[in-house]
Visitor: 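Here you go, one structure.
Residue numbers begin at 1 in each chain, while the letters A, B, ... track the order of the sequences.
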2 protein chains.
Amino acid sequence: MDTIGFEAHDHKGCVRDAIAAVEAHCTRHKLQFTPVRRRVLEILLSEHRAMGAYEILDTLRTEGLGSQPPVAYRALDFLVTNGFVHKIERLNAFIACTHPGQDHTPAFLICRQCDAVAEAHAEPSKGMLGRAAADTGFTIEQAVVEAMGLCPQCRESVHPCA
Amino acid sequence: MDTIGFEAHDHKGCVRDAIAAVEAHCTRHKLQFTPVRRRVLEILLSEHRAMGAYEILDTLRTEGLGSQPPVAYRALDFLVTNGFVHKIERLNAFIACTHPGQDHTPAFLICRQCDAVAEAHAEPSKGMLGRAAADTGFTIEQAVVEAMGLCPQCRESVHPCA
DNA sequence: CATCAGATGTTATGATATCACATATGGAGA
DNA sequence: TCTCCATATGTGATATCATAACATCTGATG
């Protein structure tokens, strides 16, 4: 299954593996996985949640890795462009990809209560959206799919009657 | 068909009809369709494109209907909440709904070249997203579906070789 | 070792959105 | 009618998100 965001898991391992995967991908594609870029990805992987650019920047600042917004935004731009991090448009925030390197169209399940975000897999070219695009001659290059709602935990706490 | 955004149409008529539909809906549901709210909707309907809040505010300002951001944002909030206007997260912009009053989950086709936006219809509960949500126990309340790409016209102009 | 592309540092500013509080308006009930 | 209250609006200030512009550095390449 793709959706892993609402379950416990081996966190240290997932951070380590993701960094290794990105490192390998960068080497293979001659991309510069610089200290700032690596650190931003590490922060997002460790926190395992959607974070704003300025929140990330705060951490960088305490570590002497850059203190001005462009530093964070440039690193994020690199990571997003290469598919290692996704932007959650709805939250103006960023989250580490759960399977970096693989070509995919992410979809997100966002809890409005606790802000937890789970990454799932969308296939926008199939389904109604793809059909509508085909009908009108629109060429889809990229898609944002974000569902808002309640995660299992918060759903419980909202219904204490059970 | 739902997707009408890339084709010519009777524009005056569509503005008039939409306003009438919203007016009726507000009367039926005891909602206040005030001058500012009406004017913001008219602007969006007339322009028939995604507009930023401050761009709308500029127009209001010249008409003496309010000059501070909260005026525009409050009207937009009302219109979005009641489904008369949709927010395009990807553009931080707003667009009038093409079939107001009806309960629906909109999806958008956004041209990256000319910024034209077409509204289509999504059914997020079906398909992979709905399945992923069901699998994890996530309850979808609302969804953002936005496809970026090239509209038919811009696709032509990018490929002049044909 | 000259050059150049790409990355980073830094100042300033632009763009989007909300808070907080004052004021107005219109309907329900005393 | 008058009071109360919910809802809407006016306004100044500020929070939050993002980029422009330009200087500097560093490492690869010819």
Visitor: Rounded to the Å, how far apart are B/Leu76 CG and D/dT9 C1'?
Guide: 15 Å
Visitor: Contact between B/Phe78 and B/Asn82 at the side-chain level, heavy atoms closer than 4.5 Å - yes or no?
Guide: yes
Visitor: With heavy atoms under 4.0 Å as the rule, sort A/Arg74 into base, sugar-phosphate or nothing.
Guide: base
Visitor: Quick one: on DNA chain D, does B/Leu65 or A/Gly52 contact a more 5' nucleotide (nearest heavy atom)?
Guide: B/Leu65
Visitor: Report yes if the side chains of A/Arg39 and A/Ile43 come closer than 4.5 Å at any heavy-atom pair, otherwise no.
Guide: yes
Visitor: As a test of reading the structure: which of C/dT18, C/dG6, C/dT11 is closest to the side chain of A/Gln32, going by heavy atoms?
Guide: C/dG6
Visitor: Got a second to check how far B/Leu109's CG is from A/Leu129's CG, nearest 0.5 Å?
Guide: 5.5 Å
Visitor: Between A/Asn92 and C/dT16, is there a side-chain N or O to OP1/OP2 distance below 4.0 Å?
Guide: no
Visitor: When you get a sec, tell me which of C/dT8, D/dT11, D/dC17 is the closest nucleotide to the side chain of A/Val36?
Guide: C/dT8
Visitor: If I take atom CZ in residue B/Arg37 and atom C1' in nucleotide D/dA8, what distance separates them, rounded to the nearest angstrom?
Guide: 6 Å
Visitor: When you measure from the side chain of A/Thr34, which nucleotide among C/dA7, C/dA17, D/dG10 comes out closest?
Guide: C/dA7
Visitor: Separation of A/Tyr73 atom OH from C/dT10 atom C1', in whole Å?
Guide: 16 Å
Visitor: When the distance from OH of B/Tyr54 to P of C/dG14 is rounded to whole Å, what number comes out?
Guide: 13 Å
Visitor: Find the distance B/Arg38:CZ to D/dA8:P and express it as a whole number of Å.
Guide: 16 Å
Visitor: Determine whether B/Val144 and A/Glu89 make a side-chain contact, defined as any pair of heavy atoms from C-beta on separated by less than 4.5 Å.
Guide: no
Visitor: Considering only D/dT11, D/dT19, D/dA8, which nucleotide approaches the side chain of A/Pro69 most closely?
Guide: D/dT19
Visitor: Under 4.0 angstrom, heavy atoms only, what part of the nucleic acid is B/Lys87 near: base, sugar-phosphate, or nothing?
Guide: sugar-phosphate
